[in-house]
J.: 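Okay, handing you the structure first.
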Amino acid sequence: MCTTCGCGTGQTLIAGHAHSHDHAHDHDHDHTHDHDHAHGHDHAHDHDHGPAGAHAPGISQARMVRIERDILSKNDAYAQQNRAYFAAHGIFALNLVSSPGSGKTTLLVKTIAALNGSVPLAVIEGDQQTDNDAARIRAAGAPALQINTGKGCHLDAWMVGRAMDQLDLRDNGLLLIENVGNLVCPAGFDLGEAHKVAILSVTEGEDKPLKYPDMFRAADIMLLNKCDLLPYLAFDAALAEENARRVNPLVRVIRTSATSGEGMEEWLDWIREGYRRAVAAK
C-alpha cells in the first residue's frame, strides 16, 4: 500500500502496455523520451507498509514519513520535466479531477466538439480499468490514450510523461488529462499541468469542498456541473460555491451543464484564454 494514498501495488497499463509501477522510485536507469524530457524509471512507491495512517510491524513512523516525502519529491521532479516540455512547446495542459459520476467525460466530449478544428488537442484518460472513456473521446474526434492504474487511485507525473511520448503531442496544443475519479489522492500529485480543474456535480453534497479541502484548495477553477438538474434536486448551489470559496477564496466557479449548454461558453473562453497565453509564452 502507498503511504501517500493507500492505493495498492501492481502494474499500470498505458495504452495496453504493462508498466511495473510499485511506487518506490528505486530503478535508476535513465530513459530519454522522444519529447526531450528525460524521465528516469526510478518509480516504485515502497509498499512494505499498510494503508495511509497505519504501518506494518517493523517499519517506523519516521521511515513512513521519509518514504512519503520521497514519493512526492520524485513525483514533483517528473512534474517539472513535464511542465518544462509543455512550456517549451506551447502546450496548455489541464488536470480534470472529480468524484466518479460527476459528468467530466461527458463535459470533455462537449468541450472537444466545440474546440476541435480550432486548436490541436489530445486527451489522457485515467481509470482503474477499461478503456471506455478513451473510446468515447476518440469517437468525439480527439486522439486519446488510456492509462489503467489497476489498484492505484490517481495518475502521477511519471505516468503522464510516458503517455505524452505515446500520444506524440503537437506543438501549440491543448492537453486535457482526465484523472481517476477520486477527490483525495490526485490533490497531492502534480502532473505538470497549468491548472487543476475540480468538477463538482449537483447530484453530490454542497459540503464536498469542506470534506475534501485539499482538492478544492489545489484547484484554480471549479465547474459546478449538471446544473440542468437543479430544479429537481434539493441542492443549494450558492452554498456549494460559498463552501468552495471558504476553502479557496481565489477559486473561480462556473456553473455548467453539458446537457443544456449552460456555462459552456464561459468554460470554453477560459480555456481559450489560457491556451493563448501558453502559446504566446513559448
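Throughout, residue positions are numbered sequentially from 1 according to the sequence presented. Small disclaimer: the values here were computed from a predicted structure and weren't measured.
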J.: Closer than 3.5 angstrom, by distance alone: can the side chain of Glu206 be matched with the main-chain N or O of Asp236 as a donor-acceptor pair?
T.: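 Indeed, once roles are kept as given, a pair shorter than 3.5 Å links the two residues.
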J.: Do you see a donor-acceptor pair shorter than 3.5 Å between the side chains of Thr256 and Asn225?
T.: yes
J.: Assess whether atom CZ of Arg272 is packed by more than 12 heavy atoms of other residues, nucleotides or ligands within 6.0 Å.
T.: yes
J.: Is it the case that the side chains of Thr106 and Arg136 hold a donor-acceptor pair, with the cut-off being a distance below 3.5 Å and no angle test?
T.: yes
J.: Where do Ala219 and Ala198 come nearest, in terms of heavy atoms and distance?
T.: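 Residues Ala219 and Ala198, closest heavy atoms: CB-CB, 3.8 Å.
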J.: Do Leu210 and Leu200 sit in the same hydrophobic cluster, where Ile, Leu, Val, Met, Phe, Trp and Tyr count as joined when their side-chain heavy atoms come under 4.5 Å apart?
T.: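 Shared cluster, yes.
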J.: Looking only at heavy atoms, what is the nearest atom pair of Ala258 and Lys110, with distance?
T.: O-CE, 3.2 Å
J.: Does NZ in Lys208 sit with more than 12 non-hydrogen atoms of other residues, nucleotides or ligands closer than 6.0 Å?
T.: yes
J.: Would you mind reporting whether Val202 and Phe235 have side-chain heavy atoms less than 4.5 Å apart?
T.: yes
J.: Determine, using the 4.5 Å side-chain heavy-atom cutoff (strictly less than), whether Val253 and Leu229 are members of one ILVMFWY cluster.
T.: yes
J.: Answer yes or no: is there a side-chain heavy-atom contact under 4.5 Å between Pro186 and Val180?
T.: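 Result no, sub-4.5 Å side-chain heavy-atom pair not found.
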J.: Starting from Leu176, can I reach Leu115 by hopping between I/L/V/M/F/W/Y residues whose side chains sit under 4.5 Å apart?
T.: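 Both belong to a single hydrophobic cluster.
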J.: Given Asn95 and Asn179, is the side chain to side chain donor-acceptor pair (under 3.5 Å) satisfied, shown in steps?
T.: CA-CA 7 Å; Asn95 180 7; Asn179 218 314; 3.2 Å; yes
J.: Do Leu174 and Leu107 land in one hydrophobic cluster if side-chain heavy atoms of ILVMFWY residues count as linked below 4.5 Å?
T.: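 The answer is yes; both residues are in one hydrophobic cluster.
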J.: Check whether any side-chain heavy atom of Ile199 sits under 4.5 Å from a side-chain heavy atom of Met222, and report yes or no.
T.: no
J.: Pair Asp156, Tyr78 - check side chain to side chain contact (heavy atoms under 4.5 Å, CB included), show working.
T.: CA-CA 9 Å; Asp156 63 30; Tyr78 290 124; over 6 Å; no
J.: Working to the nearest 0.5 Å, report the span between CG of Leu155 and SG of Cys185.
T.: 11.5 Å
J.: What are the two closest heavy atoms between Ala187 and Met215, and how far apart are they?
T.: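 For Ala187 and Met215, the tightest heavy-atom pair comes out as N-CE, 3.3 Å.
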J.: Under a 4.5 Å cut-off applied to non-hydrogen side-chain atoms, are Glu125 and Asn132 in contact?
T.: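 No. Closest side-chain heavy atoms not under 4.5 Å.
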J.: Flag yes if Val197 and Val97 sit in one hydrophobic cluster, no otherwise; membership is Ile, Leu, Val, Met, Phe, Trp, Tyr, and two members link when side-chain heavy atoms are under 4.5 Å apart.
T.: no
J.: Could you check whether any side-chain N or O of Arg138 sits under 3.5 Å from a backbone N or O of Ala144, counting only pairs where one atom can act as donor and the other as acceptor?
T.: yes
J.: Are there more than 12 heavy atoms of other residues, nucleotides or ligands under 6.0 Å from atom NZ of Lys282?
T.: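 More than 12 heavy atoms, drawn from other residues, nucleotides or ligands, come within 6.0 Å of this atom.
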J.: CG/Asp220 to CD/Glu193 distance, rounded to the nearest 0.5 angstrom?
T.: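 Rounded to the nearest 0.5 Å, the CG-CD separation comes to 9.0 Å.
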J.: Just verifying a value: how many Å separate Leu145 CG and Arg162 CZ, rounded to the nearest 0.5 Å?
T.: 11.0 Å
J.: Using only atom types and a distance under 3.5 Å, with no angle test, would you say the side chain of Asp127 pairs donor to acceptor with the backbone of Asp133?
T.: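 No, because the side chain of Asp127 does not come within donor-acceptor range (under 3.5 Å) of the backbone of Asp133.
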J.: Please find the pair of heavy atoms, one from Ala93 and one from Phe86, that lie closest to each other, and give the distance.
T.: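 Smallest heavy-atom distance, with atoms named: CB-CE1, 3.7 Å.
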J.: Side chains of Leu175 and Ile124: closer than 4.5 Å at any heavy-atom pair?
T.: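 Yes, side chains in contact.
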J.: Side chains of Thr111 and Leu268: does their closest heavy-atom pair fall under 4.5 Å?
T.: yes
J.: Short question: side chain of Tyr275, backbone of Asn172 - any donor-acceptor pair under 3.5 Å?
T.: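 Pair found, side chain donor or acceptor close to backbone of Asn172.
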J.: Looking only at the side chains, is there a donor atom on one of Asp131 and Asn148 sitting less than 3.5 Å from an acceptor on the other?
T.: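 The criterion, which ignores hydrogens and geometry beyond distance, is not satisfied for Asn148 and Asp131.
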J.: Hey, can you tell me if Phe92 and Trp270 have their rings parallel, tilted or perpendicular (30° and 60° cut-offs)?
T.: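 Phe92 and Trp270: tilted rings.
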J.: Compare every heavy atom of Asn82 with every heavy atom of Gly192, then report the nearest pair and how far apart it is.
T.: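 The pair with the smallest heavy-atom distance is CA-CB, 4.3 Å.
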J.: Under 3.5 Å, is there a donor on one side chain and an acceptor on the other for Ser99 and Glu204?
T.: yes
J.: Taking the side chain as every heavy atom from C-beta outward, state whether Leu169 and Ile91 have any pair of such atoms under 4.5 Å apart.
T.: yes
J.: Is a side-chain donor or acceptor of Asn182 paired with a backbone partner of Cys153 at a separation under 3.5 angstrom?
T.: yes
J.: Report yes if some heavy atom in the side chain of Val251 is under 4.5 Å from a heavy atom in the side chain of Arg245; otherwise report no.
T.: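 Val251 vs Arg245: side chains touch.
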J.: How long is the span from the CZ atom in Arg217 to the CG atom in Asn248, to the nearest 0.5 Å?
T.: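 So the gap between those two atoms works out to 8.0 Å.
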J.: Roughly how far, to the nearest 0.5 Å, is the CD atom of Gln81 from the CH2 atom of Trp158?
T.: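 Rounded to the nearest 0.5 Å, the CH2-CD separation comes to 13.0 Å.
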J.: Could you report the tightest heavy-atom contact between Ser102 and Lys226, atom names first, then the distance?
T.: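 So the two residues come closest at O-CE, 3.5 Å.
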J.: With Arg255, which of Glu262, Glu241, Glu266 fulfils salt bridge (Lys or Arg N to Asp or Glu O under 4.0 Å)?
T.: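 That would be Glu241; it is the only one of Glu262, Glu241, Glu266 passing the salt bridge (Lys or Arg N to Asp or Glu O under 4.0 Å) with Arg255.
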J.: Could you tell me the separation between the NZ atom of Lys211 and the CG atom of Asp214, rounded to the nearest 0.5 Å?
T.: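 Going from the NZ atom of Lys211 to the CG atom of Asp214 covers 15.5 Å.
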J.: Do Asp228 and Ser257 get their side chains close enough for a donor-acceptor pair, meaning under 3.5 Å?
T.: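 Yes, side-chain donor-acceptor contact under 3.5 Å.
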J.: Tell me whether the count of non-hydrogen atoms from other residues, nucleotides or ligands lying under 6.0 Å of CZ in Arg276 goes above 12.
T.: yes
J.: Using 4.0 Å as the upper bound for N to carboxylate O, is an ion pair formed by Arg83 and Asp190?
T.: yes
J.: Hey, are Glu178 and Thr105 close enough side-chain-wise for a donor-acceptor pair under 3.5 Å?
T.: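 On atom types as modelled, these side chains qualify, holding a pair under 3.5 Å.
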J.: Does Asn75 use its side chain to pair, donor to acceptor, with the backbone of Phe189 at less than 3.5 Å?
T.: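 No, the answer is negative, given that no donor and acceptor are paired below the 3.5 Å cut-off.
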